[in-house]
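What you see is a predicted model, and the numbers here were worked out from it, not measured in a lab. Whatever order the structure lists ligands and atoms in, that order sets their numbers, starting from 1. Just so you know, these numbers use all the heavy atoms, side chains as well, and skip hydrogens, waters and symmetry mates.
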Amino acid sequence: LARGPVVPDLAGRHVVVSAGGTREPLDPVRFLGNRSSGKQGYALARTAAARGARVTLIAANTGMPDPAGVDVVPVETAVQLREAVLKAAADADAVVMAAAVADFRPATYAAGKIKKKDNQDPEPITLVRNPDILAEISAERARSGQVIVGFAAETDDVLANGRTKLERKGCDLLVVNEVGERKTFGSEENEAVVLGADGSETPVPYGPKEALAETVWDLVARRLE
Ligand code: CTP
Ligand code: CA
């Protein structure tokens with residue numbers, strides 16, 4: 001994908017990117033988590049910085065080194081991610097929610113390690129819902145004209161599911177990818193369609209996560225003009 005010299009079209013902008021996957025603790029040694037690597041979020045942070053933006057990267061359990069020239073806020077849980085996103089979004093021109101947020105968390109946290117007891121079945125784990133951060137920031141809009149982007153991995157009727165989700169969340173753009181073999185989790189490559197609240201559909205062919213990131217920033221920059 002040949003691109004010309006980097007145009008600093010995000011200079012003077014503050015963008016917030018969430019990356020990785022939240023972990024919801026059960027006890028001091030165990031958590032419920034997911035397989036999100038954080039690579040797409042890091043690609044978004046790097047490319048935005050290269051295009052001149054001030055970048056806040058809210059990193060949930062990614063285990064990757066901080067990208068140069070980016071403010072990194074480490075978090076673990078969905079509740080911590082929400083706090084960090086709301087704080088950073090207050091003066092942001094754009095927010096991209098690339099993180100996989102656990103939908104539920106254990107209702108209780110055991111301060112001591114959960115032990116098994118002789119010949120006893122385990123206690124069931126009760127879950128409660130986590131806050132929907134993307135829906136919340138889309139409804140509140142900390143700043144007028146702020147551009148908000150979500151990500152969704154879907155199966156079956158990917159585009160129809162994506163449209164429904166975009167409307168339900170109230171964001172401006174939703175990057176939809178199909179969950180499949182070589183795609184998405186831990187891979188270096190991605191393929192997606194970016195749906196716009198204005199009805200637009202931008203296909204992004206299978207390729208590096210950087211290329212998808214650049215397309216996201218192209219669409220964001222156009223909406224910020
Ligand atoms: N998201 C969020 N807060 C949550 C769940 C998801 O901000 N509690 C964001 C994700 O970061 C992502 C987008 O919403 O950008 C879509 O996530 P997804 O899991 O596909 O949406 P859900 O509403 O949780 O729908 P589903 O039931 O399909 O998981
Ligand atoms: Ca979910």
Can you confirm, on distance only, whether ligand 1 has an N/O atom lying under 3.5 Å from any N/O atom belonging to [X]?
{"X": "Ala99", "answer": "yes"}
{"X": "Ala102", "answer": "no"}
{"X": "Met97", "answer": "yes"}

- [ ] Name the option, out of Ile133, Ile137, Val149, that contains the heavy atom nearest to atom 2 (C) of ligand 1.
- [x]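 Looking at heavy atoms only, Ile133 sits closest to atom 2 (C) of ligand 1.
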- [ ] With atom 25 (O) of ligand 1 as the reference point, say which of Glu154, Lys169, Lys165 has the nearest heavy atom.
- [x]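 Among Glu154, Lys169, Lys165, the closest heavy atom to atom 25 (O) of ligand 1 belongs to Lys165.
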Task: Shortest non-hydrogen contact between Ala192 and Val175, atoms and distance - done: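 Looking at all heavy atoms of both residues, the shortest contact is CB-CG1, 3.8 Å.
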Task: Contact summary for Ala92 and Val95, nearest pair of heavy atoms - done: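 Distance-wise, the nearest heavy atoms are CB-CG2, 4.2 Å.
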Open item on the list: I need the contact type for Pro131 against ligand 1. Using non-hydrogen atoms and a strict under-4.0 Å cut-off, is it side chain, backbone, both or neither?
Closed with: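 Backbone only.
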- [ ] With heavy atoms only and a cut-off of under 4.0 Å, state how Asp103 meets ligand 1: side chain, backbone, both or neither.
- [x]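 Just the side chain.
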TODO: May I ask you to test the Val70-Arg46 pair for a side-chain heavy-atom distance under 4.5 Å?
DONE: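 Side-chain contact under 4.5 Å: no.
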May I ask you to list the atoms of ligand 1 that are less than 4.0 angstrom from any heavy atom of [X]?
{"X": "Gly150", "result": "15 (O)"}
{"X": "Arg168", "result": "23 (O), 25 (O)"}
{"X": "Leu134", "result": "2 (C), 7 (O), 9 (C), 13 (C), 14 (O), 15 (O)"}

TODO: Indicate whether the side chain of Ser36 and that of Asn34 have a donor and an acceptor atom separated by less than 3.5 Å.
DONE: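 No donor-acceptor contact under 3.5 Å links the two side chains.
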Task: ILVMFWY network linking Val75 to Val72, side-chain heavy atoms under 4.5 angstrom - done: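 Per the 4.5 Å side-chain linkage, Val75 and Val72 are not co-clustered.
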- [ ] Report whether Met97 and Leu195 are members of the same hydrophobic cluster (ILVMFWY, side-chain heavy atoms less than 4.5 Å apart, transitive linking).
- [x]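 Result: no, two separate clusters.
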